[in-house]
Amino acid sequence: MSEIPKAYEPQSVESKWYQFWLGHQCFVADAHSKKPAYSIVIPPPNVTGVLTLGHVLNNTIQDILARRARMLGCETLWLPGMDHAGIATERQVEKAVRTEEKKTKQDLGREEFIKRVWAWKEKHGGIIIQQLKKLGCSCDWSRERFTADPDYSRCVQKVFVELYKKGLIYRGKRMVNWCPASLTALSDEEVVMKAQSGLLHYFKVEVVEIVGQASRLSQTEKEKNENAGRQDACPTNNEIRATGIWLTIATTRPETIPGDTAVAVNPKDKRYAKLIGKHVMRPLPAELPREQKLIPIIGDEQIDIEFGTGVLKVTPAHDKADFEIGQRHKLPVIDIMNPDGTMNSLAGADLVGLDRFKARKVAAEKLKELGALEKEEPHQNNIGYSERADVPIEPRLSEQWFLKYPSVDKARACVEQSDEKGSAGAPPAAVGALADGPARAGAVDGASAAAPEAGALPDKMRFFPQRWAKVYDNWMNNIQDWCISRQLWWGHRIPVWYRKSEIRNPKSEIDTDDVWCENNPPPDPGNWEQDPDVLDTWFSSWLWPFATMGWTGDKSQDSKNPTLQTFYPTTDLVTAPDIIFFWVARMIMAGYEFMGQMPFQNVYFTGVIRDKLGRKMSKSLGNSPDPLDLIGNYGADALRFGIMRSAPLGQDVLYDEQHVELGRNFCNKLWNACRFRQLVGQASSLSPTDSKHASKDETGATPVPRYEVQGEINPALLTSDDKWILLKLDQAIREIDVAFAEYKFSEVTATLYRFFWSEYCDWYVEASKATLARPVESLKRGNVESTSGSTVERFNGSTNEADAIRANKLAVIDFVLSHTLRLFHPFLPFITEELWHGMGYDGDLPANQGGDTIMFAHWPKPLDDDFKAHYRLNESDERFVDAKYELVTRGRNLRREFNIAANKKVKFVLKVKDPLPPEEADVIKLLLNADALDVDPNFTPRKGTPSALTDLGELFLPLEGLVDIEAEKARLRKELAKIESEIEKVQSKLHNPDFVQKVPPKVLDEHKNRLADWQAKQQQIKAALRALGEKP
RNA sequence: GCGCGGUUAGCUCAGUGGUAGAGCACUUCCUUGACACGGAAGGGGUCAGAGGUUCGAACCCUCUAUCGCGCACCA
């Protein structure tokens, strides 16, 4: 007995069982299995990533789904892998090369640098995979994929070529989001808007007229400007005539003034309309001659008359909106910045070489110096930041590759938009399928109602929570072409080659004859040069659900691929909502485009993990605990349970370490509940046998000894408590199945918590101690005293029968615990596996159904009618036990009210209406911590004896010499007041004729019964008060 | 600006028209043979506010306040 640790110690248990599962190939999915298939692909973490609480939440959910699917009898694939994370990895390796070798990537050259990246990946990459194993994730590691693997690369290439040939991928010179830190273009989705407080600078410019000249700079002048820095004068001085009119312009970016090529006003703006066609003198660069500062005033409807001064400076090279204005008015484009965000020579002598932010200050100072600056006002605006590098992006004109999204209509149409009846929200049907047994397609997911036939797929994809469907729809309706090229080295290189030509710059104006875009490089590589850019990492991730399954794009080959045939489309996708556009939407489009089917049937969006103050977890805030520390301190199961319990569907999670602590306490409770079963089992002289797996424990931890599991439950020997707990178990299983069908994991944990802790431990186990926790001998003597004088003979006084009841109770406990462990397994994989074996519940089961591991034990089914009939489980037992426990609560309440210390034994008297079986009295006595419970239908209490009303009779707490009549009166008056207020409430309803007339009969009856109950109690309290001489 | 979500006990949250709930925290008592990572009892809520629908509203409708998120964006 002493070898069972008093508290659960997770560390050795976890490593032992994870090794066992791996060793027995428990996670490996068999594509040739006859079982219904269930599959999830992991959202591939970055190869540079380390485990965060967000990953813990996300992957615990996936593991729960996968483990439950296995228990339901599904062939389950949880496919893991990693993302090559272009920007993040390239930066990391560049940094390493710089510190270790004092070299830049250019020093190494492209080929050599890529070698370093692979070397880095082998050495440092994929830490997160090891961490996921610590969490208990049951991924099929034999199928682990990496988006940069050769097979995967072939998929990416194939897709690019196909889309290029369809005309959906094209190259063009566009305004893109340029990241000056990473030196690459980004997609719109990689830009996050951040509120910014800056300054609005107001500066004035003089309006001039040009006499006898073209009223604006011509295209040729533009080219001259760009190439030669505007050395050639255009109009001569005497052709520029000052008007004396000054315009004031408001800008947040004075440093871009040298790039201005027009000033725009709204033609409807009465203040300025007449000035359209005239020019202004641009103040910067200051050193230019007057005639080179001239820019036209143009009219454009887009200008907001209300904002600022109503005059907009137009900088086509450095602003998306300005670029469009420029296009409309054929304005020249003057790029005044270098790719890294410093100013180039076109910005003028004052700014050249400065960083853009420094340049902003200098430009403002220069305006002041020139007397052009009128005022500066604080200004709030939103600025796009590079998501990765966290610096403001720079709109920049450049040559990039774009994708016009494919299969948009199908992708948009497939997502269920609302909770229509019969499609979404069909838990009863799902539960029905579960009750019929696991070997049925669709039993796992809530959509089984929509897919009753094996192999038939639902025509709609469902989002959980549903509201994300609207966000998705909104994006799909406003979809923009995707900039897919990145100016990086690490990634899938664009499979396009340009014919070498001495005259032509390969990056501009492509002639199709000079472009090679095929699955293979050109046959005469010497004459071609490959595009230097790589593809956006998401351009590989969007193929994840099928590229990881060996997709080739060759229909006949793919139709013979068992993995693809069995596991695609996947069942569930679990992901954070912040990548709904990055990844989810794009995967759906790719699924339709390349597989002809949706890639997954259900998408579960997790909440975002925040700290106690509601802030997002972030490295810079340092508010993110290391999950590995938590696992070390509390155990993986504790972390999983704590997180899941605090993560309701659709809500963000406010993380608090207390949640994990609660998880640990819960595991400890489970551990001790099983320990109790072992201790009482041992007391009944059943001998321990060695654990099957004890020898496999290489950690030296003490294995839990095994005990004989009790056999069949005998219906004739069931006590009312036994029946009660079986009915509670049934109810819990049903609730859990419903909650799972709706992906409400926190409700599953709440039900498990309530059932196991409150119902099983607090009531059933405590009650069962009346039978179990004392020496067998004592059961022979009926020790409940009866005032009728005779000692109650229980169980016919037979030791054998007492032992039989006791053994039967152990069988009930084993039944309940073995179900409980299975229900807990998806949440608490390690401790349940340890206890499954320790308790011997693996004993008689076939190896593949729980004999080897709880992982493949059958998921518990609700108790069916036959079962209930056989064991005579019915509502009246449940009601009786509820009443019994209510009596106990009232008795304990009396103890407290009269300050009886919890450890003091007292005597209670129960004045029963109907006879109470002595074994029931025994349970009540134990739960009340009474040294005696007299059951006496004719009891006459001394005046002032504290009493409580219960459905089983009146309970008295006779206190020798301690009776405080006033205290008891006060207590009764308080209770009476409460009862009367309840009566008041119900009566006011029943007195309302409308209520009586219109309410459904069932509700009316309920109210009438409630009133009767309260009134009966009222009468009894009044009687008690009268007995104390009080006139109520 | 448009859209979405939240506002219920001190805290974190359940609760889709019929007696206001859980966990944690708090108060008091208890180391009784599973568990102090535990047990028992208790206090604590005009369900953000206002109107409406209804016999009846935390729940449905309208408006307001407030917090958060997404999209768009004005220099």
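Note that these values count all heavy atoms, side chains included, but never hydrogens, waters or copies made by symmetry. A, B, ... follow the sequence lines: proteins, then strands. Residue 1 opens every chain.
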Given B:rC35, is OP1 or OP2 found less than 4.0 Å from the side-chain N or O atoms of A:Lys669?
no
Over how many whole Å does the gap from A:Glu747 atom CD to B:rG21 atom C1' extend?
13 Å
Check every strand shown and say whether A:Cys761 touches a base, only sugar-phosphate, or nothing at a heavy-atom separation below 4.0 Å.
base
Phosphate-side-chain proximity, A:Asn665 and B:rG38, N/O vs OP1/OP2 below 4.0 Å
yes
When we call it a touch if two heavy atoms are under 4.0 Å apart, what does A:His659 touch: a base, just sugar-phosphate, or nothing?
nothing
Scan A:Arg1010 against the nucleic acid and name what it touches under 4.0 Å (heavy atoms): base, sugar-phosphate only, or nothing.
base
What nucleic acid atoms does A:Ala901 come within less than 4.0 Å of, heavy atoms only: base, sugar-phosphate, or nothing?
sugar-phosphate
Once you apply a heavy-atom cut-off of 4.0 Å, does A:Asn992 come out as touching a base, just sugar-phosphate, or nothing?
sugar-phosphate
Measure the distance from CG on A:Asn668 to C1' on B:rC37 and round it to the nearest whole Å.
5 Å
Between A:Glu255 (CD) and B:rA75 (P), how many Å, whole number?
13 Å
Between N or O atoms, less than 3.5 Å apart, protein on one side and nucleotides 42-45 of chain B on the other: list the pairs.
{"from": "B:rG42", "atom 1": "OP1", "to": "A:Asn893", "atom 2": "ND2", "distance (Å)": "3.3"}

Mind checking A:Ala264 for me? I need base, sugar-phosphate or nothing, with any heavy atom below 4.0 Å counting as a touch.
nothing
Using only side-chain N and O atoms of A:Lys769, determine if any of them is under 4.0 Å from OP1 or OP2 of B:rA34.
yes
Watson-Crick or G-U wobble partner of B:rG38, both distances under 3.5 Å
B:rC30
